[in-house]
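One structure is given below, encoded as structure tokens.
Every chain is numbered from 1, with letters handed out A, B, ... down the list of sequences.
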Number of protein chains: 2
Amino acid sequence: MEQTFTYSQLYAFTHDAFTAMGCNENDATTATTVLLSADVRGIDSHGIARLVGYIRLWEAGRINAQPNIKITYQTPSTAVVDGDAGLGLVVAPFAMQVAIDKAALAGTGWVSVRNSNHFGIAGYHAMMALKHDMTGIAMTNASALVAPTFSIERMLGTNPIAVAIPANKQPAFVADFATTTASNGKLEILQRKNGDAPLGWVQDAAGTDTPNAHALKDGGIMLPLGSDREHGSHKGYALGSIVDIFSAVLSGASYGPWAPPFPAYVPMPENMPGQGLGHFFGAMRVDAFRPADEFKDHMDNWITRFRAATPAPGHEKVLIPGDPEREMEAIRMKDGIPLNESVFNDLQKIGEKFGIALL
Amino acid sequence: MEQTFTYSQLYAFTHDAFTAMGCNENDATTATTVLLSADVRGIDSHGIARLVGYIRLWEAGRINAQPNIKITYQTPSTAVVDGDAGLGLVVAPFAMQVAIDKAALAGTGWVSVRNSNHFGIAGYHAMMALKHDMTGIAMTNASALVAPTFSIERMLGTNPIAVAIPANKQPAFVADFATTTASNGKLEILQRKNGDAPLGWVQDAAGTDTPNAHALKDGGIMLPLGSDREHGSHKGYALGSIVDIFSAVLSGASYGPWAPPFPAYVPMPENMPGQGLGHFFGAMRVDAFRPADEFKDHMDNWITRFRAATPAPGHEKVLIPGDPEREMEAIRMKDGIPLNESVFNDLQKIGEKFGIALL
């Protein structure tokens, strides 16, 4: 049974939960805003459904609710941020703001982050740049679920990349995607319905393609974007690797198969080569290249032309990256946000634990 | 019939050809080095096979053999370069060097280029950063052959991305890939053998999947990495779009379906919104984030761990991006570079035209 809540209801509950964890007012506000931006945009796997996961990590002592987030090294256009094991939902906006501040002075800013945790949807952080007339870039490594081409071992996370580019009259271009064929969130939807996954999404532990959406629970693996070598999986593997290296090797976080797991019951890897999860952020001032109005007018032209591309038979129109999420945001801010039963039950338990109520 | 030549033989011939076009000594040397780096690394589609194409563009007045390449705008970490319609093989290394020089001072350097032409393999330019202990990034837009997800219209080029990351004892990580399921070069190999392409590489003009490697000649389209929506083609489409925007909208080059065509017999698009092709380059000093030796030791650890990942059944080992090309380079510098008959015939005709000989 699905139940629908308003944004304000979910906001109040989530803010109370982060406050109960010990977050200060600013951090609770930031974490809530970032987390719920996923629900609002229709990326249900990364929103309030994960609140219980964050709380379990906090209970396990792996998340620090009162972190001292700081810049540990910097140059005019770069910085390294230590997240002090804080919520990625709080560490990431701090680091993205550093990138934006650097870009204001040096043209661009690039920040690699160590000692962090899962940061919600990459798109939120990339989009922070838009109101400054900057292009924003955000990526993160994550718990290993993905096997490189020619391998059956989990070596990389779904390692998403987000790029947000401002336009003028048109809405911004916002790409936000896992570097795997399918995101973990899409698999979770199939798991709940016991539906079959298209071949090319997952393999079983032996490396055989399978439609079983539950294969990961039995040691299976996710496949890099491209699915197999013949269809370019070495490119998805390369992209996921670049995200891992920029996020974690550059910053001193833990990389590859040593990335800390999201489920609190999974033991931490041994001999971790760095601290926590890593992220990487970039901000590029548009007018560090050409006048902002000129650029944004050309982006309008780019977007308009691509929207007008001849549709394939059976399709109505070509989408611009960010269209589906923006349309979903309009619907959900008006009609509310549906939660499935298992998420609702998790929230009930959180409510009991902290003595807060989901009205 | 294939014939094999030494690197020196091809170098002398190509250098003579560029000189005959009117390139000065420096530019002929740079263009030859960049062009042949493709043959040496086994990317035959982008090497000397394209020399005849560059010459035809020069004869059509679309390539300027004596360009005045210049920085038209800059900030501490960014620049825009106008290639003055020069060979991309010359414009790109100029611009990448600007990025490297910026990075030396500001930590990172980012350069968008307009008014250029095809620049050979992206990997060459990205790798220029390695000897400075920098990560190098290179991308370019290209003639439209690729349809966005849900479309059958050619809107994007194969728009490659290259990322080169230095290591210590291990060879560098060098990813260099088209943002399509298969590169144009792989299609060309099948066209020569009249072989079937795997489904998911191309569609005919009506948008139906086809194994016909010649489909592009009849108005067909190439597919973005991912092949179809269910397998993530919207991600390949987003990647190709980002390359197009960073390379061309940011710099003032011509973008999307208006990118200038490589074949000189194809008329230029009408109402082009910018000048020539566009490129985008980045250089990030490793020690703008953490000490270079520390970073490179961790890259060794990353590479060693990934090489040791459990292979899939039927496969010997996991490859690191750049492995196949580096192995090919060792072979071809020793045993020579094979040219197929059609490339050899093209070179013979160039020789006759310019009064130079391929010994």
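Closest approach of Pro313(A) and Ile152(B) over heavy atoms only: CD-CG2, 4.0 Å. Among all heavy-atom pairs drawn from Gly107(A) and Ser77(B), the shortest one is C-OG, 3.8 Å. The shortest heavy-atom contact between Tyr237(A) and Pro321(B) is OH-CD, 4.0 Å. The shortest non-hydrogen separation linking Thr75(A) to Ala106(B) is OG1-O, 3.3 Å.
Using a 4.5 Å cut-off between heavy atoms, Arg114(B) makes no contact with chain A at all. Residue Ala103(B): no heavy atom, backbone or side chain, is found under 4.5 Å from chain A. In this structure, no portion of Ala205(A) lies under 4.5 Å from any heavy atom of chain B. Proximity to chain B (any heavy atom under 4.5 Å) is shown, for Ala147(A), by neither the backbone nor the side chain. Within the 4.5 angstrom heavy-atom criterion, atoms from both the backbone and the side chain of Leu319(A) approach chain B. Within the 4.5 angstrom heavy-atom criterion, only side-chain atoms of Tyr255(A), from C-beta onward, approach chain B. For Pro148(B), the part lying under 4.5 angstrom from a heavy atom of chain A is the side chain only. In this structure, chain B has a heavy atom under 4.5 Å from the backbone of Thr149(A), while its side chain stays farther away. Interface remark: Ile303(A) contributes no atoms to any contact with chain B (heavy atom separation under 4.5 Å). Proximity to chain A involves both the backbone and the side chain of Met299(B), based on heavy atoms less than 4.5 angstrom apart. Residue Ser233(B) does not touch chain A at all, counting heavy-atom pairs closer than 4.5 Å. There is no contact between Asp297(B) and chain A, counting heavy-atom distances below 4.5 Å. For chain B, no part of Ile161(A) is nearby; none of its heavy atoms comes within less than 4.5 Å. Both the backbone and the side chain of Leu250(A) have a heavy atom closer than 4.5 Å to some heavy atom of chain B. For chain B, no part of Arg154(A) is nearby; none of its heavy atoms comes within less than 4.5 Å. Interface residue Asp244(B): only side-chain heavy atoms are found under 4.5 Å from chain A. Residue His234(A) touches chain B through its side chain alone, counting heavy-atom pairs closer than 4.5 Å. With a threshold of 4.5 angstrom between heavy atoms, Asp228(A) does not approach chain B through any atom at all. Residue contact with chain B, scored on non-hydrogen atoms closer than 4.5 Å, involves the side chain of Val80(A) exclusively.
Among the candidates Thr208(A), Val249(A), Val318(A), Val286(A), the residue making the largest number of heavy-atom pairs closer than 4.5 Å to chain B is Val249(A). The choice from Gly226(B), Ser251(B), Pro257(B) that makes the most heavy-atom pairs within less than 4.5 Å of chain A is Pro257(B). When each of Phe295(B), Phe306(B), Phe246(B), Trp201(B) is scored by its heavy-atom pairs under 4.5 Å with chain A, the top score falls to Phe306(B). Ranked by non-hydrogen atom pairs under 4.5 Å with chain B, the options Ile165(A), Thr179(A), Thr181(A) are led by Thr181(A). Per-residue heavy-atom pair counts under 4.5 Å with chain A were compared for Gly232(B), Pro76(B), Gly207(B), and the maximum is reached by Pro76(B). Between chain A and the residues Ser227(B), Pro273(B), Ala175(B), the most heavy-atom pairs under 4.5 angstrom are made by Pro273(B).
Side chain of Arg290(A) to main chain of Tyr73(B): no donor-acceptor pair is present (N/O by atom type, distance under 3.5 Å, no hydrogens or angles). In terms of modelled atom types and a separation under 3.5 Å, the side chain of Lys235(A) and the main chain of Ala178(B) share a donor-acceptor contact. Put simply, the side chain of Thr78(A) never gets that close to the backbone of Phe289(B): no donor and acceptor are under 3.5 Å apart.
Side-chain contact between Trp258(A) and Asn301(B) is present, with at least one heavy-atom pair separated by less than 4.5 Å. Contact check for Val163(A) versus Ile245(B): no side-chain heavy atoms found under the 4.5 Å cut-off.
Counting only residues at least two apart or in different chains, side-chain hydrogen bond (donor to acceptor under 3.5 Å, both in side chains) contacts with residues 309-319 of chain A comprise Thr310(A)-Glu153(B).
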- Task: For Trp302(B) and Ser241(A), run side chain to side chain contact (heavy atoms under 4.5 Å, CB included): C-alpha distance rounded to whole Å, both residues' side-chain angles, the deciding distance at 0.1 Å, then the answer.
- Result: CA-CA 10 Å; Trp302(B) 192 99; Ser241(A) 301; 3.4 Å; yes

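Atoms OG and CZ, on Ser151(B) and Arg307(A) in that order, are 13.5 Å from each other to the nearest 0.5 Å.
Residues that satisfy the ring pair (Phe, Tyr, Trp, His ring centres under 6.0 Å) test with Phe177(B), not counting sequence neighbours, are absent from this structure.
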